[in-house]
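Here's the structure, in C-alpha cells; my notes come after.
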Amino acid sequence: MKRGDGRKKDELRNVRMEVGVLKRADGSAYVEWGNNKVFASVYGPREVIPRFLARNDRAILRCKYNMTPFSVEDRKRPGPDRRSVEIGKVTAGALEPAVILETYPNSMINVNIEVMQADAGTRCAGITAATLALVDAGIPMRDLVSACAAGKANDGIILDLSKEEDNKGQADIPMAIMPRSEEVTLLQMDGILTEDELEEALKLAVGGCKSIYELQKNALMAKYGE
Amino acid sequence: MKRGDGRKKDELRNVRMEVGVLKRADGSAYVEWGNNKVFASVYGPREVIPRFLARNDRAILRCKYNMTPFSVEDRKRPGPDRRSVEIGKVTAGALEPAVILETYPNSMINVNIEVMQADAGTRCAGITAATLALVDAGIPMRDLVSACAAGKANDGIILDLSKEEDNKGQADIPMAIMPRSEEVTLLQMDGILTEDELEEALKLAVGGCKSIYELQKNALMAKYGE
Amino acid sequence: MKRGDGRKKDELRNVRMEVGVLKRADGSAYVEWGNNKVFASVYGPREVIPRFLARNDRAILRCKYNMTPFSVEDRKRPGPDRRSVEIGKVTAGALEPAVILETYPNSMINVNIEVMQADAGTRCAGITAATLALVDAGIPMRDLVSACAAGKANDGIILDLSKEEDNKGQADIPMAIMPRSEEVTLLQMDGILTEDELEEALKLAVGGCKSIYELQKNALMAKYGE
Amino acid sequence: MVSEMDPIASIKKEYINELVAQEKREDDRAFDEHRNIKIIPNYIKKAEGSAYVELGDTKVIVGVKYDAGKPFADIPNQGVMTTSAEFAPMASPEFESGPPGENAIELARVVDRGIRESEAIDTKKLCIIPGEKVYIVFVDIQILDNCGNLIDACGIAAITALLTARMPVYDKDGNPTEEMVPLPLNKIPITCTMVKVNNKLLLDPALDEEKVLDSRITVSTDDDGNIVAMQKGTGGSFKLEEIMEAVKISKEQGKKIREIIKNSIKEEESG
Amino acid sequence: MVSEMDPIASIKKEYINELVAQEKREDDRAFDEHRNIKIIPNYIKKAEGSAYVELGDTKVIVGVKYDAGKPFADIPNQGVMTTSAEFAPMASPEFESGPPGENAIELARVVDRGIRESEAIDTKKLCIIPGEKVYIVFVDIQILDNCGNLIDACGIAAITALLTARMPVYDKDGNPTEEMVPLPLNKIPITCTMVKVNNKLLLDPALDEEKVLDSRITVSTDDDGNIVAMQKGTGGSFKLEEIMEAVKISKEQGKKIREIIKNSIKEEESG
Amino acid sequence: MVSEMDPIASIKKEYINELVAQEKREDDRAFDEHRNIKIIPNYIKKAEGSAYVELGDTKVIVGVKYDAGKPFADIPNQGVMTTSAEFAPMASPEFESGPPGENAIELARVVDRGIRESEAIDTKKLCIIPGEKVYIVFVDIQILDNCGNLIDACGIAAITALLTARMPVYDKDGNPTEEMVPLPLNKIPITCTMVKVNNKLLLDPALDEEKVLDSRITVSTDDDGNIVAMQKGTGGSFKLEEIMEAVKISKEQGKKIREIIKNSIKEEESG
C-alpha cells in the first residue's frame with residue numbers, strides 16, 4: 001500500500017520535541033508532529049481553587065486543551081467548544097494513571113495544552129507534550145505516557161493518520177499507553193472496523209506509542225542528560 | 001357554552017399523579033395533566049451553597065423550573081429563558097407559605113420541575129407535582145399547595161384552559177391555594193377582564209384547586225396510605 | 001478657525017454638575033456636558049468580594065462604566081462590551097492616584113458610572129462625575145480629578161470635541177489631571193498628530209481640565225458650602 | 001427580597017407593624033396613597049421615546065428605541081415589543097453587575113405584561129411588510145435609585161416613554177422615510193403594587209415597607225377599569241377578599257396616575 | 001466521577017471488590033448482564049421521535065426534533081445531527097444548574113458518535129436543497145434519575161427515539177408538506193459500557209460500581225458486528241486483551257439489546 | 001497588575017528602586033533599551049499571516065485570518081480589522097481560563113489602536129462589494145509566556161503578522177479566486193511601552209519592573225514620526241514633560257524596531 005505522503009503503513013510523520021521551552025510555567029514542552037505545533041505547560045502542585053474540589057489523599061489533575069483561532073483552516077472562535085472540553089477530559093484521564101498523585105494531597109496540578117497549528121493527531125501530540133511538561137515540572141511519575149493514533153484509510157490499517165487520511169479515512173483510533181507496562185490510558189475510536197481490523201490497529205498504535213516513547217526519552221535527555 | 005374538547009366550564013382535563021417516581025431524589029412526583037407531562041424532585045434539607053444565602057432562622061427554598069427542548073412545538077434551546085426564571089421564582093413563592101421552613105435553619109431545600117411535554121398549564125402542574133415531592137421528601141408542611149388556572153375564552157369564564165383555549169383566549173389566571181385556609185399563594189393574570197369577570201374566575205379557580213387537592217391526597221394515600 | 005457649534009478652540013461645551021443626586025448610594029453626582037448625561041455613584045468602603053482581592057495595606061477601587069441601551073443612536077445591547085470594560089479600567093486608573101486608599105485597608109470602594117445619553121466625551125464626563133461622587137461619599141482624597149479631552153479636527157487643535165468633531169476628527173485625547181499638581185492620571189490618544197501638535201493639544205487639555213476643576217468646586221460648594 | 005433577619009431588621013419590622021396597627025405609615029401617607037410622582041417625559045433626546053420618573057426617592061429612566069426586524073412566525077403581521085430591565089449596581093448596594101437576575105427579569109416581565117396585555121399598543125400597525133419586516137420596539141428600563149416599589153415607578157416610566165415615542169414611517173419598499181409618527185397607543189394601562197403588612201394593604205411600599213412585607217400584589221388596569229394583568233410576588237398569601245380589594249384600589253389609583261402622566265406630557269409639549 | 005474518598009466510600013469499595021473476587025455483584029447479576037431494560041417508544045407526542053428508557057433505576061428521556069437549516073460548507077448535500085445532554089439537577093444531588101459540564105458534554109458526544117460513526121443515518125437523504133437547506137436533527141437527552149451507566153441508557157433511548165421519528169417531506173421549492181416519513185435509518189448501533197473493578201469487566205455498572213471503578217470503557221457496535229466507536233473513560237488503564245474482551249462482550253450484548261428495542265417498537269406500534 | 005504587597009514584593013520594590021537610582025536595571029539594559037527581540041515571520045502556515053515573537057523571555061504568537069462579511073453600516077466601503085487576545089493559563093500562573101478579563105481586553109485594544117489609528121491598513125482596499133461584502137481581518141493574539149511587557153511584544157507580532165499576510169482576490173461577483181495578494185499596508189506603526197519607577201522612565205519593563213511600577217505609558221508612532229496612539233496604564237500619574245519624553249523615546253525606538261521587523265521578513269522571504 002502506498003500512502004499519500006509516501007510513508008509506510010507503520011511510519012510516523014516527522015516528530016520534533018523540546019523540553020523546557022517556557023519560563024513562567026513550572027514545566028513545559030513543545031511538540032511538532034507533522035504540521036501540528038503544540039505547546040504544553042504545567043503549573044503545580046498548587047492550591048486547589050475552588051477548595052471543595054481538593055482531596056485529602058491525593059492531588060487532583062486538571063487539563064485544559066485549547067486550539068488557537070488561527071490553528072485551523074477556517075478561523076475558530078476563541079474559547080472552549082465541546083470538542084475541546086471532551087479532549088481536555090480524556091487527556092486528564094490519559095495522564096492520571098502515570099502521575100503519582102498521592103505525593104501531593106490537597107493540591108492541584110494544572111496541565112495546559114495549546115494547539116498553535118492543527119493537522120490531525122493534536123490530542124496525541126498534546127498528551128505527548130504534556131507528559132514531557134509534567135516531567136519538566138518535577139512531578140513524580142510511574143511512567144511516561146506516550147500517544148499515537150492508528151486507523152484505517154484506503155482499506156488499509158495504518159499508523160498516525162495525516163490530515164488527508166483522517167478526512168477521508170474509515171476509522172481513527174487515538175491511543176496512549178504507559179510504555180513499560182503497555183497499559184492503555186487513552187482510547188477513543190470512531191469509524192467502522194471489524195474485530196480483526198481493530199486488533200491489528202491497536203497493535204500498530206502500541207508500536208507507534210513506543211516510537212514516541214523513544215523520542216520523549218531523547219528530548220528529556222537533551223535537557224536533563226549529563 | 002360548549003368547549004372545544006367537550007368539557008363543562010368547571011371541568012378539569014384528565015389529571016394523573018404519582019408520588020415517589022425517582023430514586024435519587026429525596027422526594028419526587030409525576031403529574032400528567034391533559035397532555036402536560038411534568039416531573040418534580042426535591043433535594044434537601046442540605047447545605048446552602050453559596051453560604052452567604054443561608055439564614056439562621058429558617059431554611060431557604062429554591063425552585064428551578066425548566067422545559068426540555070422537545071417539550072414544545074418548535075424546539076426550545078436548552079437552558080433557562082426569562083419565562084422559566086420568572087416561573088421558578090413565582091413557584092418558590094407559591095410553595096414557601098406552606099413549607100415550615102423554620103424546621104431547618106441554615107439549610108436549603110431545592111425543588112426542581114422539569115416539563116417533558118407542555119400543553120397549557122405547566123406552572124400549575126409543576127406546583128402540584130412539587131408539593132407532592134415535598135411531602136414525599138418528608139418536609140414538614142402547614143398544608144398542601146394545589147394549583148389550577150381559570151380564564152376567559154369565547155367570552156365565557158372557564159376552568160383549566162386547554163392549549164387551544166389559551167392561545168385564542170381572552171384571559172388566563174394561574175392560581176395556587178393552600179386548600180384548608182383557601183389562602184392564595186400563586187396568582188398571575190394576563191388578558192382583559194372586568195372586575196366581575198375576575199371575581200367569577202377567581203372563584204372558579206379556587207374550585208379547581210380543591211379538585212386538585214383531592215387528587216393529591218389520593219396520590220399520597222396510594223403511596224403512604226395503609 | 002470657526003467650529004461647527006460656534007465655540008472657540010479652547011471653549012468647553014455647556015457643563016452642569018450636581019452633587020448628591022441619589023439616596024441609596026454613599027455618594028453620587030450628575031454631570032450634563034453638552035448632550036452627555038452621566039450619573040456616578042460610589043459605594044464603600046465595604047467588604048471585598050471576592051475576598052482574595054483584598055489588600056491588607058489599602059482599599060481597592062473598582063470602577064464600572066456602562067452605557068444604557070438607549071444612550072446612543074442605534075440601540076446598544078445591554079451588558080458590558082469591550083469598550084466599556086476598557087473605560088472602566090482606565091477610569092479606575094485615573095481616580096486611584098487621588099484617592100487615599102491607605103485609609104481603608106482590606107476594603108473595597110465601588111465607583112459606578114452610567115451614561116444615560118452619549119455625545120462624545122463620556123469618559124471625561126464620567127471621571128468628573130465619579131470624583132464628585134467620591135467626595136460626596138466622604139472618601140478622603142489627595143486632590144480632585146478633573147477630566148477633559150483635546151484633539152484635532154479640521155486641521156486645528158481644539159478643546160472638548162463635539163460628537164461631530166469627534167466623528168470626522170483627526171485625533172482625540174481624553175485626559176484627566178489632579179489639578180493642583182497638574183499630574184496626568186488619564187491619558188489616551190488616537191488619531192495622527194505630530195509631536196508639536198500633541199504638545200499643543202496636551203496643554204490645551206490641561207486648561208480644559210482646570211476649567212472643569214472650577215466647576216467641580218462650585219458644585220461641591222453648592223452642596224457643602226456654608 | 002427579605003434579607004438576613006438581623007436584630008435591627010427585626011426591630012424595624014415590629015415598629016412598622018405597630019405603625020400599621022395604628023393606621024399610620026412612616027412617611028404619614030394614607031394606605032392607598034402613592035409617594036410623590038415626578039415625571040420628565042422625553043428626558044433622553046437620543047431615544048425615540050423616554051421618561052425620567054421619581055416615585056418618592058426611587059428614580060428610574062425608561063428609553064424606547066426602534067429597529068426593524070423579522071416578525072414571529074405565528075403573528076407575521078404584528079410588530080414586537082420587548083422589555084428589559086437592568087439593576088445597575090449604581091441603584092442599590094444589593095445590585096451587582098452581570099446578567100439580569102430573577103428580580104430584574106420579574107420586574108421587566110411584570111411591567112411588560114401590564115402594557116402588552118391591555119392591548120394598548122396596536123401591534124398590527126407596527127407591521128411594515130407582512131411576514132418580512134415589522135417594528136421591534138425596545139423598552140429599556142434603567143434603575144438609578146432603588147428606594148422601593150420599582151414596579152410602579154418603571155410602569156409609569158415605560159408607558160410615558162411609549163406615549164412620547166415617535167417612529168419613522170417606512171415606504172412601500174420597506175425603507176425608512178424622514179417622516180415620524182407617534183407610536184399607535186390607544187390606552188394608558190397603569191400598574192399599582194400593594195404589600196400586605198400586619199393584615200393591611202399598603203399601596204406603593206417604600207423601601208422599609210418592602211423589607212418587612214408579608215406578601216405583595218400587583219394589579220394593572222386600563223382606562224375602562226378593566227383588569228389587564230396581576231402578579232402576586234414572592235412569599236406570603238392573600239385571601240380572595242384581599243385580592244378584590246387590591247383590584248379596587250388599583251382601579252381608583254390608576255385613574256389618578258393616568259391624569260398625572262397626561263398632564264406631564266401636556267406640559268412638556270407646551271413648555 | 002470518583003467523589004471524596006470518605007470512610008464510607010472506602011468501606012464500600014472494599015466490599016464491592018470482595019464481591020467481585022467471589023464472582024458476584026450486589027444485585028446478583030452476571031458480569032456481562034445489563035440491568036432490566038424498559039423502553040417506552042414515542043413517549044413525547046410533541047416530539048417528532050422520542051423514547052423513555054429505564055435501565056435498572058436509571059431513567060432518561062430522549063426527544064428528537066427537526067428543523068431546516070443550512071448545511072455545513074464541506075458537506076453541502078448532507079443533513080446534520082446534533083446531540084445535547086442536560087444533567088438536570090432533578091436527576092442527582094451532584095448535578096447543578098448551568099451550562100453542560102464536561103461530564104454532560106462527554107455523554108452527549110459518546111452517544112452521538114455511537115450513532116453517527118455507524119452511518120446508521122443516511123444523511124444524504126436529509127438534504128432538501130443541496131447547499132441551501134437540509135434537515136437538522138436535534139437529539140436531546142434529558143436525565144431524570146441517575147442510578148448509574150447513563151451512557152448505555154441514553155444510547156438506547158437515542159437510537160429508539162430516532163427509530164420512532166417521523167419527518168416532514170419537503171416539496172421541490174423547499175417548503176414542508178403534510179406528508180411525514182420515517183427518518184432514513186439503516187442500522188441499529190448499540191453502545192455498551194463496562195467498568196473494570198478488581199481486574200474484572202462488569203457490564204452496565206450500577207451507581208455503586210461506578211463509584212468504585214478503576215477504569216471505564218465503552219464500545220459501540222452495529223448490526224453486522226462491526227465496532228463503530230470506543231471511548232475509555234476518565235482514569236485507570238486497560239490491557240489490550242481487556243479491550244478486546246470488552247469488544248466481544250459489547251458485540252454479544254448489542255445483539256440482545258437490538259432485539260429488545262425492535263420488540264418495544266413493534267409492541268408500541270401494534271398496541 | 002500589582003498583586004498582594006507581601007514582604008518579598010516589598011523588598012523587591014526597594015531593590016529595583018535602588019538600582020534605578022543608580023541608573024541601573026536588573027538585566028543591565030539602558031533605560032531606553034528593549035530586551036532582545038526575536039521574530040519568526042510566517043510561523044503558522046495555516047494562518048494567512050503570522051509571527052512568533054520573543055521579547056526577552058516573553059513569547060507570543062499572532063495569527064491573521066480572513067473572512068468575508070458585511071461592512072458596518074456607517075462605512076459601507078471599508079473592510080474591518082478585529083483584534084482579540086487570549087491570556088491562556090499556559091502563559092502565567094495568574095492567567096485563568098474563561099472569557100477575556102479586563103487586562104486581556106485592554107491589551108487587545110491598545111495593540112489594535114496602535115495599528116488602526118495610524119491608518120496603516122488601507123481599509124478601502126478591503127472592500128469586495130460596497131455595502132455588501134468586505135474583508136474581515138482577524139488578528140488573534142496568543143500569549144505563550146508572560147515575562148513582562150506584553151503590549152510591545154504583541155504589537156510587534158501583530159504588525160509583522162499583518163505584513164506577512166496574503167489575502168485572496170475576489171472576482172466581480174464577490175467569489176474568491178485562487179490569486180493571493182498582500183494585505184494593503186502602507187505603514188509600520190510601532191508601539192512602545194515605558195514604566196515610571198522611582199521617577200525614571202524605563203522602556204520595555206521586564207516582569208519584576210512591571211510588578212513595582214508606579215505608572216505605565218504606551219506610545220505608538222508611525223514611519224513619519226507621528227504619534228498615532230497613546231495609553232496611560234492603570235494607576236499612578238505623569239507630568240506633561242514625562243509624557244513628552246516618553247513620546248521622544250518611542251519615536252526613536254520605533255525606528256529601530258521597524259528595521260528589525262523589516263529585516264526579519266526579508267530574511268524569511270530570502271531564506
Side-chain angles (χ1 to χ4, degrees), chain A residues 20-30 32 34-47 49-50 62-80 84-85 88 108-120 122 126 129-130 133 137 163, chain F residues 40 42-52 54-69 82-100 104-105 108 136-148 150 157-158 161 165 206-207:
Chain A
V21 294
L22 305 177
K23 198 174 174 192
R24 291 299 296 281
D26 296 321
S28 61
Y30 172 69
E32 211 171 284
N35 290 320
N36 293 299
K37 297 188 178 203
V38 178
F39 286 83
S41 79
V42 168
Y43 287 94
R46 66 208 298 200
E47 195 191 356
I49 294 172
R62 310 185 81 181
C63 180
K64 181 180 168 279
Y65 167 99
N66 185 51
M67 298 181 83
T68 63
F70 47 77
S71 63
V72 282
E73 215 54 56
D74 293 318
R75 178 177 183 266
K76 190 193 153 293
R77 283 176 63 96
S84 297
V85 171
M108 172 166 75
I109 296 165
N110 287 94
V111 173
N112 303 297
I113 295 169
E114 292 284 338
V115 178
M116 294 295 149
Q117 187 160 279
D119 195 54
T122 57
K163 185 80 192 159
Chain F
I40 309 179
N42 250 325
Y43 182 74
I44 303 293
K45 308 299 180 199
K46 292 236 168 177
E48 274 80 26
S50 63
Y52 168 94
E54 289 183 12
L55 179 57
D57 287 320
T58 292
K59 297 172 198 72
V60 306
I61 297 179
V62 168
V64 171
K65 300 287 283 184
Y66 289 101
D67 202 354
T82 170
T83 306
S84 305
E86 274 226 69
F87 278 14
M90 164 171 290
S92 162
E94 284 107 34
F95 292 174
E96 279 173 31
S97 294
I105 287 173
I136 316 286
V137 181
F138 292 98
V139 177
D140 283 298
I141 296 171
Q142 193 75 23
I143 317 297
L144 286 174
D145 208 356
N146 176 19
C147 298
L150 291 177
L207 195 63

Where does A:S71 contact chain F at under 4.5 Å (heavy atoms): side chain, backbone, both or neither? backbone
Heavy-atom cut-off 4.5 Å, strictly under: side chain, backbone, both or neither for A:V42 against chain F? neither
Note: vs chain A, highest number of non-hydrogen pairs under 4.5 angstrom among F:A88, F:S92, F:A47, F:A91 is F:S92
Counting heavy-atom pairs under 4.5 Å with chain A, which one of F:V62, F:V64, F:D57 comes out on top? F:D57
Applying salt bridge (Lys or Arg N to Asp or Glu O under 4.0 Å) to A:R75 and F:E48, what does each step give before you reach the verdict? CA-CA 10 Å; A:R75 178 177 183 266; F:E48 274 80 26; over 6 Å; no
Please classify the contact between F:K46 and chain A as side chain, backbone, both or neither, with a heavy-atom cut-off of under 4.5 Å. both
Interchain contact, A:A133 with chain F, by part (heavy-atom threshold 4.5 Å): neither
Side chain, backbone, both or neither of A:K23 within contact of chain F (heavy atoms, under 4.5 Å): both
Where on A:F39 is there a heavy atom nearer than 4.5 Å to chain F: the side chain, the backbone, both, or neither? both
Interchain contact, F:D140 with chain A, by part (heavy-atom threshold 4.5 Å): both
Let me know if F:Y66 has heavy atoms under 4.5 Å from chain A in its side chain, its backbone, both or neither. neither
Among F:P100, F:S84, F:P99, F:S97, single out the residue with the greatest number of heavy-atom pairs under 4.5 Å to chain A. F:S97
Look at A:K64 together with F:E96 and state whether they make a salt bridge at an N to O cut-off of under 4.0 Å. no
Spell out, as yes or no, whether a donor-acceptor pair under 3.5 Å connects the side chain of A:S28 to the backbone of A:V21. yes
Between A:G79, A:P80, A:G44, A:P78, which has the largest tally of heavy atom pairs under 4.5 Å with chain F? A:P78
Chain F contact via A:V111 - which portion, at a heavy-atom distance below 4.5 Å: neither
